[in-house]
Every structure is written in structure tokens, then in C-alpha cells.
Amino acid sequence: MATFGNGRRVAIVAGVRTPFTKAGTAFKSLSAIDLGKLCVAELIQRTSLSGAEVQALVFGTVIPNVVAPNIAREVALMPLLPKGVQAFSVSRACASANQAITDAADQIALGHIDTAIAGGAESLSNVPILHSQGMAEALVLASKAKTFGGRVRALASVRPKDLVPITPAIAEPTTGETMGQSAEKMAKINNISREEQDHFALRSHRLAAAGTADGRLIAEQMPVYVPPRFESVVESDNGIRSDTSYEALSQLKPVFDRKYGSVTAGNASPLTDGGACVLLMSEEKARSLGYEPLGYIRSYAYAALDPGEQLLQAPVLAAPVALHRAGLTLRDIDLVEMHEAFAAQVLSNLRGFESTYWAERAGFSEPVGEVDQSRLNVMGGSIAIGHPFGATGSRITVTLLNELRRRDGQFGLMTVCAAGGMGFAMVVERG
Ligand SMILES: CC(C)(COP(=O)(O)OP(=O)(O)OC[C@H]1O[C@@H](n2cnc3c(N)ncnc32)[C@H](O)[C@@H]1OP(=O)(O)O)[C@@H](O)C(=O)NCCC(=O)NCCS
């Protein structure tokens, strides 16, 4: 048993998520705020929690709604929760839900609060489409103009090129490199072949399909009746392909480097909509309310490297620190959950765990070690299940803890890579 940061031990009492659906499909009529509200309401109902117990709600999202940027507060303003629940939103790219969970856990460990809901949501079906600079300036001038003629003159300054809208790119602002290009670069630097990537993607789909068929993944999901007519219900992730094959994957054309590349739509995580959240409590509070927690946070760590280097390699720097803080080594870990942004990234991270070079960069002399494949992402990962950026960290946390319990394991390690060259790792424990 350990408490991180010398504070109180933090329990992850329960967790739930919406199904994850490919962007532009089943959930296209739902915003990230809607998806967040749905899973938080389900969490409260599943745990029979009185809303009055909740003292804070922390939520992550990557592409915020420009009209309602504090998604956490919007989610908190739901009928099941009192209006006095303080709420704040966090952004740490694909590790945003992890940031939400650790921020809430820190508050509990410090003794400021006892109970919090944390998680995240993303709707990549509903990304804001922006006006160009020229169009935006003309609209501002027109809105300030005092006369009709002034408004017409301002709008007349718009040129055809100004009418082209701007959509947010999944690219690094500092380097201009997209995530996919970064994955290509990492595949080349770390000698990850197309074959390895496709085999890893196939594994992700097979394991996720098995976890869905036997109900383990379904248990983490809630059914969602889709507005506005509420006639259709989504009960499970819609991106998992039980019928995919190595042959089908190997035929797909590379997307980000069409000539020499190896990253395809099949071995990358898809653009996805979904929400996920967990209920956190101090150990004492959970006990006093009679809950049997899924597990406890033992340690965590964040790390970052130059985004122009290997953008998605920082989990390799975070994991040894989290293990060190937990007083454990990889040999003690029963299950490992790694976010799969791309097969090339997971395989690069795994190579990094075995390398003395990366160990030394993280400040250690010994590498983390080789991850036993039979303990890794045992129900598949983001490639098959999907990756709503702001929600993924919460999904991984719950999957890891549920599966640890089923296998009667004690310790779990999770890692998440994130834009900006950042990485996250957390060690959880049962009992
Ligand atoms: C890679 C990407 C561009 C693909 O987008 P897309 O073209 O809309 O993807 P689709 O789902 O339509 O798949 C493209 C094709 O591959 C096929 N395909 C995808 N996965 C497959 C699989 N596992 N098996 C067989 N075929 C597959 C699809 O059926 C589709 O075929 P079609 O064109 O004949 O219909 C998009 O998913 C993406 O940008 N992903 C990366 C997200 C990212 O950067 N995440 C950040 C991580 S931190």
C-alpha cells in the first residue's frame, strides 16, 4: 500500500464510458458536453451516489467548444448534481482525462476534498470551423460600424480567398508536423516495419472483438439513446472490426507518406466521438460510504520532449519515473495498458522501454524492460476501440482496473502519449 505525494490514498471507485463511435457516425448529433453529461449521469446512477457528495468535477477535452470552453462546468450543471459543485477543465492533448484524474486525485490527497468525478469527452464530429483572418477582421469591423454604409464597406473588403474556412489540423503548432507524419518518422527511426504495425493493429481488433463478445468491454459502456428522436440506441464501440485480417490491413495505402510510408487508416487510431469518467474518493470516504473501489492510484508521472524529435515517445520517459515513485519495477506489474495512437508509436515506445539510451534520458541506469505481450492491452486498444482524445485516459484507467480484478492481479501500469511531445504514466494497485 502506498500514498502518492505523502498524501491520502486515493480510490478509483468506479468508471463508465459511452461507446466510442467513429467521427461522423452514430454520435454526430452529440457535442462533447452532451457526451460528458451522459457518462457522468450514468456514473452517478450506477454507483447510487448522492450528487451532494460530489465536491469537484474535472474534465478534459482537446478541441473545446469556443462558446462554452469550460466543459467541466457545463457537465456539472446537470440535474443530478447540485449547482455548488466546482468544476474546471484541463487540456493535455490525448492525456487530458489523465490530467483530469490526477488533478482531482491531488485535491483528494491534499485533503481539500473527499469526492470528485473526473474524465473527459471529445466530439471530433463537431470541431469548430473558423473564419480566415481576413473574414474575421471584416466581420469585426462590420459589427463596429455605426452606419449601414460602413457595414457594407467592411464586408466589401472580403476577398474570395477569405471565404475559405479553417478547420483545426491534428498537427503540432510548433513544427507543423501532423500526428501521422510523426508516427511515420518514429517508424523509420525505430525500424518498425509495416508488417509489425499491421500485425499489431490486427491484434488490437481481435482482442477488442473478443472483449466485446464476452461482455468485458460492454460492462464498461453505457447504452446511449441518440437524440433528437431517441429511436436508435448505441450499445457498443462501432470501430472494432472482428472481420479484419492481416491481408486486408496490408493492402491499405499509406496515408501520411503516400510514397514511402507505412502508417495507414488500419494501423492508426480513428477519429472518434465519446465520453468517459471515473469516481474518485479518499480511501476513508469510500469505506465510510460502503464502496468497494476498483483500485487505488499508487503513483503517476508526466514527461515531455522536443516535439520536433519523436513526438509520441515521451511515455518512455514518464513510465520509469512512475514505477520508481511506486517503488516497483516492470516485473511487479501484472497488466500494462498503453494508449495506441498508432501501431508505430506503441511499438516505438516498447522499444524505448528496452533501451538504455532512453533509460538514461529519464535519469535511470537500467531500462524499464521488455513488456510481456500477454500482459499488454489485453482487450485491444485505441486502434480498434477508437480514440476520442479527451476521453481515452479515463477508458484506459477503467479497463486496466477491471481486468486487474478479473485476473486477480495487484499492480497495473498505464501509459499515454500526447501531442506537444508529452507522455503520461500511472501505476494503480488493488486492495
Ligand atoms: C488515418 C485517418 C486519416 C484515416 O481516416 P479515414 O480515411 O477517414 O479512415 P476510414 O475509416 O475511412 O478508412 C479508410 C479505408 O481503410 C479501410 N480500413 C480502415 N481500417 C481497416 C481495417 N482494420 N481493416 C480493413 N480495412 C480498414 C476502411 O474500410 C476504408 O476503406 P474504403 O476507403 O474502401 O472505405 C484518420 O483515421 C486519422 O487521421 N487518424 C489519426 C488520428 C490521430 O492523429 N490521432 C492522434 C493520436 S494522438
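Both counts, for ligands and for their atoms, begin at 1 and track the order of listing.
The A341 neighbourhood of ligand 1 comprises atoms 47 (C), 48 (S), with distances under 4.0 Å to a heavy atom of that residue. Each of the atoms 11 (O) of ligand 1 lies under 4.0 Å from some heavy atom of K22. Per-residue contacts place P270 under 4.0 angstrom from the following atoms of ligand 1 (heavy atoms of the residue considered): 37 (O). Using a 4.0 Å cut-off to heavy atoms of L271, the atoms of ligand 1 that qualify are 37 (O), 42 (C). Residue contact check: C94 has heavy atoms under 4.0 Å from atoms 48 (S) of ligand 1. Proximity to L249 (heavy-atom distance under 4.0 Å) selects the following atoms of ligand 1: 22 (C), 23 (N), 24 (N).
For E370 and R351, the salt-bridge test fails: no basic side-chain N is under 4.0 Å from an acidic carboxylate O. By the 4.0 Å N-to-carboxylate-O rule, E309 lies close enough to R361 to be salt-bridged with it. The pair D237-R395 fails the salt-bridge criterion, with no side-chain N (NZ, NE, NH1 or NH2) lying under 4.0 Å from an Asp/Glu carboxylate O. Between E42 and K37, no side-chain nitrogen of the basic residue sits less than 4.0 Å from a carboxylate oxygen of the acidic one, so the salt-bridge criterion is not met.
In this structure, of Q181, R241, H387, E247, the residue bringing a heavy atom nearest to atom 21 (C) of ligand 1 is R241.
By the side chain to side chain contact (heavy atoms under 4.5 Å, CB included) test, Q55 is found to be paired with I113, D114, T115, residues two or more places apart in sequence or in another chain being considered. By the side chain to side chain contact (heavy atoms under 4.5 Å, CB included) test, S204 pairs with E340, I383, A384, sequence neighbours left out.
Heavy atoms of V263 found under 4.0 angstrom from ligand 1: none, in either backbone or side chain. Here T178 has no heavy atoms under 4.0 Å from ligand 1, in either its backbone or its side chain.
Geometric assessment of R325 against the ring of Y300 yields a negative cation-pi assignment under the 6.0 Å and 45° thresholds. Remark: R17 is positioned above the aromatic ring of F20, its terminal NZ or CZ atom under 6.0 angstrom from the ring centre and at most 45 degrees off the axis.
Surrounding CZ of R216 are more than 12 heavy atoms belonging to other residues, nucleotides or ligands, all under 6.0 Å away. Y225 OH: 12 or fewer foreign heavy atoms inside a 6.0 Å radius.
With respect to atom 9 (O) of ligand 1, the closest heavy atom belonging to the protein is A265 CB, 3.8 Å. M179 CB, 3.3 Å is the protein heavy atom nearest to atom 44 (O) of ligand 1. Nearest non-hydrogen protein atom to atom 24 (N) of ligand 1 is T244 OG1, 2.7 Å. The single protein non-hydrogen atom nearest to atom 43 (C) of ligand 1 is F342 CZ, 3.9 Å, given as residue, atom name and distance. The closest protein non-hydrogen atom to atom 16 (O) of ligand 1 is L252 CD2, 3.5 Å. Of the protein's non-hydrogen atoms, G266 CA, 3.5 Å is the one closest to atom 20 (N) of ligand 1.
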Practice problem: Check the pair D334, R430 against salt bridge (Lys or Arg N to Asp or Glu O under 4.0 Å), reporting the backbone distance first and the verdict last. | Solution: CA-CA 11 Å; D334 298 292; R430 283 185 58 229; over 6 Å; no
Quiz prompt | Evaluation steps, side chain to side chain contact (heavy atoms under 4.5 Å, CB included), between I101 and I297 | solution = CA-CA 10 Å; I101 290 170; I297 298 174; 4.2 Å; yes
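Looking at ligand 1, you'll find an N or O of S269 within less than 3.5 Å of one of its N or O atoms. Remark: ligand 1 and T264 share no N or O pair separated by less than 3.5 Å (distance only, no angle test). Looking at H339 next to ligand 1, no N or O pair under 3.5 Å apart turns up.
For atom 26 (N) of ligand 1, the protein comes within 4.0 Å by at least one heavy atom. For atom 6 (P) of ligand 1, no protein heavy-atom neighbour is found at a distance under 4.0 Å. Distances from atom 32 (P) of ligand 1 to the protein include no heavy-atom value under 4.0 Å. Shown here, atom 14 (C) of ligand 1 is in close reach of the protein: a heavy atom of it lies under 4.0 Å off. Shown here, atom 37 (O) of ligand 1 is in close reach of the protein: a heavy atom of it lies under 4.0 Å off. Distance check on atom 18 (N) of ligand 1: some protein heavy atom falls below the 4.0 Å cut-off. Checking atom 11 (O) of ligand 1 against the protein gives a heavy-atom contact under 4.0 Å. The presence of a protein heavy atom under 4.0 Å from atom 2 (C) of ligand 1 is ruled out.
R203 has its side chain within reach of Q373: a pair of non-hydrogen atoms, C-beta onward, lies under 4.5 Å apart.
In this structure, F342 and F256 have perpendicular ring planes: the angle between them is above 60°, well past the 30° mark.
Q345 does not count as a contact of ligand 1, since none of its heavy atoms falls under 4.0 Å from the ligand.
The closest donor-acceptor contact from the side chain of D332 to the backbone of T329 lies under 3.5 Å. With hydrogens and angles disregarded, a donor-acceptor distance shorter than 3.5 Å links the side chain of T102 to the backbone of Q99.
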